[in-house]
Protein chains: 2
Amino acid sequence: MKEGPDIARIGTLIGDPARANMLTALMGGQALTATELAQAAGVTLQTASSHLSKLEDGGLIAQRKQGRHRYFTLADAAAGSLLESLMGFAASRGHLRHQPGPKDPALRKARVCYDHLAGDYGVRMLDSFVKRGAIATDGENLAMTEEGRAELGRIGIDVGTLSSSRRPICKSCLDWSERRSHLAGTLGKALLSHFLEKGWARRSGESRAVLFTPEGERKFLALFPAD
Amino acid sequence: MKEGPDIARIGTLIGDPARANMLTALMGGQALTATELAQAAGVTLQTASSHLSKLEDGGLIAQRKQGRHRYFTLADAAAGSLLESLMGFAASRGHLRHQPGPKDPALRKARVCYDHLAGDYGVRMLDSFVKRGAIATDGENLAMTEEGRAELGRIGIDVGTLSSSRRPICKSCLDWSERRSHLAGTLGKALLSHFLEKGWARRSGESRAVLFTPEGERKFLALFPAD
DNA sequence: TTCATACTTCGATCCTAGCCGAAGCATCTT
DNA sequence: AAGATGCTTCGGCTAGGATCGAAGTATGAA
């Protein structure tokens, strides 16, 4: 019949509201149990179990058995990036589930996107890197410069250890709230971990929001000045 | 729990096989009619019509009325890019439907658009007429000049006989493979007929492609030189 | 005008897939 | 061992939506 990849299968998987809620919850980057995901989706455990096995078959999520728990995560960074693209597109068409009112400014300011920082602060960080020549870009692809390696060394991140993975060090990821790109890849992950370790910020309990301490915020803004 | 963009809505739109087939067909870049898309999707015209209005509401496609046809295209580059991401992801997970066959460059080169010539050659023809002052344009509307009447007389077309109909002699028609305008109207129709009658070209069997003979191609290119 | 073509809307059917209750495994605790 | 917790499987119910026939609308052709 038809040729090419089966986008309908992926679409169907994401198209169910319960599954979409689960995937959105997993965008936080944390591994969640079936019970937690059932709650996030608003369905019973049996139903959630059925959804999770479909998502796993489709290659969107992966599971890890640990004792009597099963921890689910997004399958990989590509899955996270696809979901972020979808969110960006949906937001650009005005397909929001509730108005972007003053209720969730924390999410717009800084949130976790799978394993790296997104929102205003995420975009600001990438902008700053590009502006000072630490990262070179052709609009789509990103590349580390020599200056960038030195710069990150001063911050306290050894770029050498990041290149071991097959995953790219720098990658752009479309930000749905800002409609611009922020920094993904192993470097994006390392930077977020760095901020959390240093105590500049902490993860919000249930939400994807990243909450900066007053001191952490001051240091972050000094490190990545805006225009 | 219900935060952010509604990815489920986009997922549902792409998740139906008939709609996915339509979107895949539109990824070719050409504008397609509802009838053509119904064929591509393997459903009846009524069903296709329903799908198309849903896709339009969702912001994935746009339509352009032209005469009694409705030409559908992807809404914009963002929609195309989203679909490409999805195809890449689906392919990376091994969700393939069939091996991709050789695509048809002949369609992009020259094809029939209702009753006139479209594609690279169609755009080239209008460009050439405008450049030599045979047709005047304000960007949207086209008008025959006196020079143009003489010019067409030399080619072998009597413009006088074309003006009997209520249909305009010259009309611009957006070409979706080239993203520029080509020549429609009774003159566009007459020119295509002329080429076919003279044996410069012939219509492909089932496809919309117009196949030029080596001699016809030489004469056509001499008559309508590029920049 | 009358006919033909392109498409939409309406109405009815049918089938998929989401849903949950109940029961069944598996693993940890005591 | 017995009980508790976490999750899966089974079976039946139901709603949503994909589908098409038939009728309606719009535009072009004769």
Side-chain angles (χ1 to χ4, degrees), chain A residues 1 8-23 31-58 61-73, chain B residues 8-23 31-58 61-73 112-116 161-169 171 173 184-190 193 208:
Chain A
M1 324 250 201
R9 178 162 177 197
I10 306 293
T12 300
L13 286 173
I14 300 174
D16 179 78
R19 285 193 291 260
N21 284 339
M22 290 175 169
L23 291 169
L32 299 173
T33 64
T35 305
E36 287 169 331
L37 287 166
Q39 269 192 321
V43 294
T44 61
L45 190 55
Q46 313 81 286
T47 304
S49 178
S50 160
H51 285 315
L52 288 168
S53 68
K54 284 172 187 170
L55 287 172
E56 193 181 7
D57 288 345
I61 65 173
Q63 65 165 294
R64 201 169 71 232
K65 279 182 79 165
Q66 209 163 77
R68 58 182 161 182
H69 295 268
R70 288 197 183 192
Y71 284 97
F72 293 87
T73 60
Chain B
R9 177 162 177 197
I10 306 292
T12 300
L13 286 174
I14 300 175
D16 180 78
R19 285 193 292 259
N21 285 339
M22 291 175 169
L23 291 169
L32 298 173
T33 63
T35 305
E36 289 167 331
L37 287 166
Q39 267 192 320
V43 294
T44 61
L45 190 55
Q46 314 82 287
T47 304
S49 181
S50 160
H51 285 314
L52 288 168
S53 68
K54 283 172 188 168
L55 286 171
E56 194 181 8
D57 287 345
I61 66 172
Q63 66 166 294
R64 183 190 171 89
K65 279 183 79 165
Q66 202 149 283
R68 59 182 159 179
H69 295 268
R70 289 199 182 190
Y71 284 95
F72 292 87
T73 62
V112 171
C113 175
Y114 184 43
D115 61 3
H116 53 272
T161 63
L162 300 178
S163 52
S164 55
S165 162
R166 257 172 298 169
R167 191 175 166 198
I169 298 176
K171 198 179 160 195
C173 179
T186 54
L187 176 57
K189 179 178 180 176
S193 305
R208 293 167 65 197

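Every chain is numbered from 1 and lettered A, B, ... according to where its sequence line falls, protein lines coming before strand lines.
Note: CG (A/L13) to P (C/dG18) measures 9 Å, nearest angstrom. A straight line from CD of A/E36 to C1' of D/dC7 spans 13 Å, rounded to a whole angstrom. The CG-P distance, from A/L37 to D/dG6, rounds to 14 Å in whole Å. Atom CG in B/L55 sits about 16 Å away from atom P in C/dC7, given to the nearest Å. Following rounding to the nearest Å, A/Q39 (CD) and D/dG6 (P) show an atom-to-atom distance of 11 Å. Atom OH in B/Y71 sits roughly 16 Å away from atom P in C/dT5 (whole-Å rounding). The CE-P distance, from B/M22 to C/dC7, rounds to 11 Å in whole Å. Distance, B/Q63 CD to D/dT27 C1': 14 Å, rounded to whole Å.
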Test A/R9 against A/D57 for side chain to side chain contact (heavy atoms under 4.5 Å, CB included), laying out the working first.
CA-CA 11 Å; A/R9 178 162 177 197; A/D57 288 345; 4.0 Å; yes
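Taking CD1 from B/I14 and CD1 from A/I14, the interatomic distance works out to 8.0 Å, rounded to the nearest 0.5 Å. The distance from atom OG1 of A/T12 to atom CG of B/D16, rounded to the nearest 0.5 Å, is 7.5 Å. Residue B/F72 holds its CZ atom at 11.0 Å from CD of B/E36, rounded to the nearest 0.5 Å.
Of the residues listed (A/L32, A/T73, A/L13, A/L55), the one engaging A/I61 in a side-chain contact (heavy atoms from CB on, under 4.5 Å) is A/L55, and it is the only one.
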Using atom types as modelled, flag every donor-acceptor pair under 3.5 Å from a side chain in residues 44-52 of chain A to any protein atom, sequence neighbours excluded.
from, atom 1, to, atom 2, distance (Å)
A/T44, OG1, A/Q46, OE1, 3.4
A/T44, OG1, A/T47, OG1, 3.2
A/H51, ND1, A/R19, NH1, 3.1

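Listed pair A/S49 / D/dT9 fails the phosphate criterion, with no side-chain N or O lying under 4.0 Å from OP1 or OP2.
When heavy atoms are screened at a 4.0 angstrom cut-off, B/S53 is found touching no nucleic acid atom at all.
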Contact string for nucleotides 12-26 of chain D, one letter per nucleotide 5' to 3', B = base within protein heavy-atom range under 4.0 Å, S = sugar-phosphate only, - = neither, reads ------SSBBB----
